[in-house]
Amino acid sequence: MTSWTYSIDKANNVTEFIFWGLSQNPQVEAVCVLVFSFLYTVILLGNSLIMLTVCLGHLFKSPMYFFLFFLSFMDICFSSVTAPKMIIDLLVKTKTISYGGCIMQVFGVHFFGGTEIFILIVMAYDRYVAICKPLHYMTIMDRQKCNKMLLGTWVGGFLHSIIQVALVVQLPFCGPNEIDHYFCDVHPVLKLACTDTYVVGAVVTANSGTIALVSFVILLISYTVILVSLRKQSAEGRHKALSTCGSHIAVVIIFFGPCIFMYMRPDTTFSEDKMVAVFYTIITPMLNPLIYTLRNAEVKNAMNKLWRRKVFWDANGK
């Protein structure tokens, strides 16, 4: 056992937490197992298909699809932090998680979720440059700069999540260990601490809430500028840009609405929190591939080419 783990155990009587889960009704849980197993499978297959299409369809050289690849990767990682554990817990009566596992879940949710937020901002910037400064697009969005921006999203996500974890691990847990949720998040865990968490809750709101709200406002302003600039485009260029930006705007609204509801408020929890959390941890990662493929002709064409190539190989016994 490491000294870090030892010090945590010495500071807390609680070594594991018990989730209440989505429902206490066995019939409802049986239905949820089927529903969420299906949704998680769609997340894995849909986002993997996007990543495969970008790689094999030679779209990786385009900055937009470069970031789309990593957005799909984030969706898989983000949902995988909570979905498998939730599905397994629906099959058992007592839904437990170790203290260390809970801390890792807090880190994972905020790391992958924060990184996804920053990737969405970078994607909005990419569309702004492509539409408003098309002649300088390849200079501004060259591969080296794209790599630096991607690294920045990962660093930003890490800094955000490590702050959340640091706020939780320094709290003492000496009594109740039942969490009215299906995964470990900061607000539900803070309710179990054996100390006043007002200041910690305020810092959490300032951190997570501010990131969600400010990012949402930045994205709305960015796409508003883009949409206004489309008046100068030709009809064909305007239609193509609207199709691409439309999918991005849909993702932004679907993702940030629940996030702002969850984190842009004081240290309180509501009965609706679990269903709202399902929306941004399960529903949004599932919808992203559908939104980007249904609204993007280039991705659909690349998928068709890959499918025809596979059929050709199969027909020739390759």
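A quick note: this is a predicted structure, and the numbers were derived from the prediction, not measured. Index from 1, following the sequence.
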Under a 4.5 Å side-chain heavy-atom rule over Ile, Leu, Val, Met, Phe, Trp and Tyr, are F183 and V35 clustered together?
yes

Using the test ring-ring contact (aromatic ring centres under 6.0 Å, His included), find all partners of Y40 that sit at least two apart in sequence or belong to another chain.
none

Tell me which donor-acceptor pairs under 3.5 Å the side chains of residues 150-169 have, and how far apart each pair is, sequence neighbours excluded?
| from | atom 1 | to | atom 2 | distance (Å) |
| --- | --- | --- | --- | --- |
| T153 | OG1 | L150 | O | 2.5 |
| H160 | ND1 | N207 | OD1 | 3.1 |
| H160 | ND1 | N207 | ND2 | 3.4 |
| H160 | NE2 | H110 | ND1 | 3.1 |
| S161 | OG | G157 | O | 3.1 |
| S161 | OG | F158 | O | 2.9 |
| Q164 | OE1 | N207 | ND2 | 2.7 |
| Q164 | NE2 | S208 | OG | 2.7 |

Give me the atom names and distance for the closest heavy-atom approach of L192 to P176.
CB-O, 3.8 Å

Decide whether L39 and L34 are clustered together by the hydrophobic rule: side chain heavy atoms of Ile, Leu, Val, Met, Phe, Trp, Tyr closer than 4.5 Å, transitively.
no

Assigning hydrophobic clusters by single linkage (Ile, Leu, Val, Met, Phe, Trp, Tyr; side-chain heavy-atom cutoff under 4.5 Å), is I221 placed with V252?
yes

Can F70 and F66 be said to form a ring pair (Phe, Tyr, Trp, His ring centres under 6.0 Å), step by step?
CA-CA 7 Å; F70 287 101; F66 172 79; 5.3 Å; yes

Charged N to carboxylate O below 4.0 Å: is that the case for K95 and E29?
yes

Answer with yes or no whether the side chains of N177 and Y99 bring together a donor and an acceptor at under 3.5 Å.
no

Euclidean distance, S62 OG relative to M138 CE, rounded to 0.5 Å:
7.5 Å

Looking only at heavy atoms, what is the nearest atom pair of L219 and A124, with distance?
CD2-CB, 3.4 Å

Have a look at Y280 and tell me which of F78, F256, F261 forms a side chain to side chain contact (heavy atoms under 4.5 Å, CB included) with it.
F78

Would you find a donor on one side and an acceptor on the other, under 3.5 Å apart, between the side chain of N288 and the backbone of S72?
no

If the test is side chain to side chain contact (heavy atoms under 4.5 Å, CB included), which one of E116, M286, M51 qualifies with D75?
E116

Looking at every non-hydrogen atom in both residues, tell me the closest pair between I43 and S79 and how far apart they are.
CG2-OG, 3.3 Å

Can you tell me how far the CD1 atom of I97 sits from the SG atom of C102, to the nearest 0.5 Å?
5.5 Å

Can any side-chain N or O of Y182 pair as donor or acceptor with the backbone N or O of V278 at less than 3.5 Å?
yes

Evaluation steps, side chain to side chain contact (heavy atoms under 4.5 Å, CB included), between T82 and M86
CA-CA 6 Å; T82 58; M86 176 187 66; 5.7 Å; no

Considering all heavy atoms, the nearest M262-H181 contact:
CE-NE2, 4.4 Å

Say whether, by atom type as modelled, one donor and one acceptor occur between the side chain of D185 and the main chain of P188 under 3.5 angstrom.
no

Quick one: side-chain contact (heavy atoms from CB on, under 4.5 Å) partners of T96, sequence neighbours excluded?
E16, I18, T94

So if you build clusters from Ile, Leu, Val, Met, Phe, Trp, Tyr with side-chain heavy-atom gaps below 4.5 Å, do L91 and F36 land together?
yes

What's the separation between atom CG in L22 and atom CE in M275, rounded to the nearest 0.5 Å?
7.0 Å

Apply side chain to side chain contact (heavy atoms under 4.5 Å, CB included) to V81 and F112, showing your working.
CA-CA 9 Å; V81 173; F112 293 118; 3.7 Å; yes

Check this for me: does any side-chain nitrogen of one of D180 and K191 sit under 4.0 Å from a carboxylate oxygen of the other?
no

Can you tell me how far apart CG (L45) and CD1 (I50) are? Round to the nearest 0.5 Å.
12.0 Å

Atom NZ of K145: over 12 foreign heavy atoms under 6.0 Å:
yes

Calculate, to the nearest 0.5 Å, the distance between atoms CZ and NZ belonging to F19 and K274 respectively.
11.5 Å

Walk me through it: do Y223 and Y128 pass the test ring pair (Phe, Tyr, Trp, His ring centres under 6.0 Å)?
CA-CA 8 Å; Y223 285 115; Y128 165 77; over 10 Å; no

What pair of heavy atoms forms the shortest contact from V189 to F173, and how long is it?
O-CE2, 3.3 Å

Nearest 0.5 Å, please: how far is CG in L213 from CE in M264?
5.0 Å

I'd like to know if L68 and I254 are part of one continuous hydrophobic network [Ile/Leu/Val/Met/Phe/Trp/Tyr, side-chain heavy atoms within less than 4.5 Å].
yes

CA sep, side-chain torsions, deciding dist, call: F60, F69, ring pair (Phe, Tyr, Trp, His ring centres under 6.0 Å):
CA-CA 8 Å; F60 218 84; F69 175 93; 5.1 Å; yes

Less than 6.0 angstrom separating the ring centers of F216 and F255, yes or no?
no

Minimum heavy-atom distance between Y137 and R127, given as atom pair plus value:
OH-NH2, 3.4 Å

Kindly determine whether C184 and I179 satisfy side chain to side chain contact (heavy atoms under 4.5 Å, CB included), including the steps that lead there.
CA-CA 8 Å; C184 285; I179 300 176; 3.9 Å; yes

Quick check against the 3.5 Å criterion: does S98 have a side-chain atom that pairs as donor or acceptor with the backbone of G101?
yes

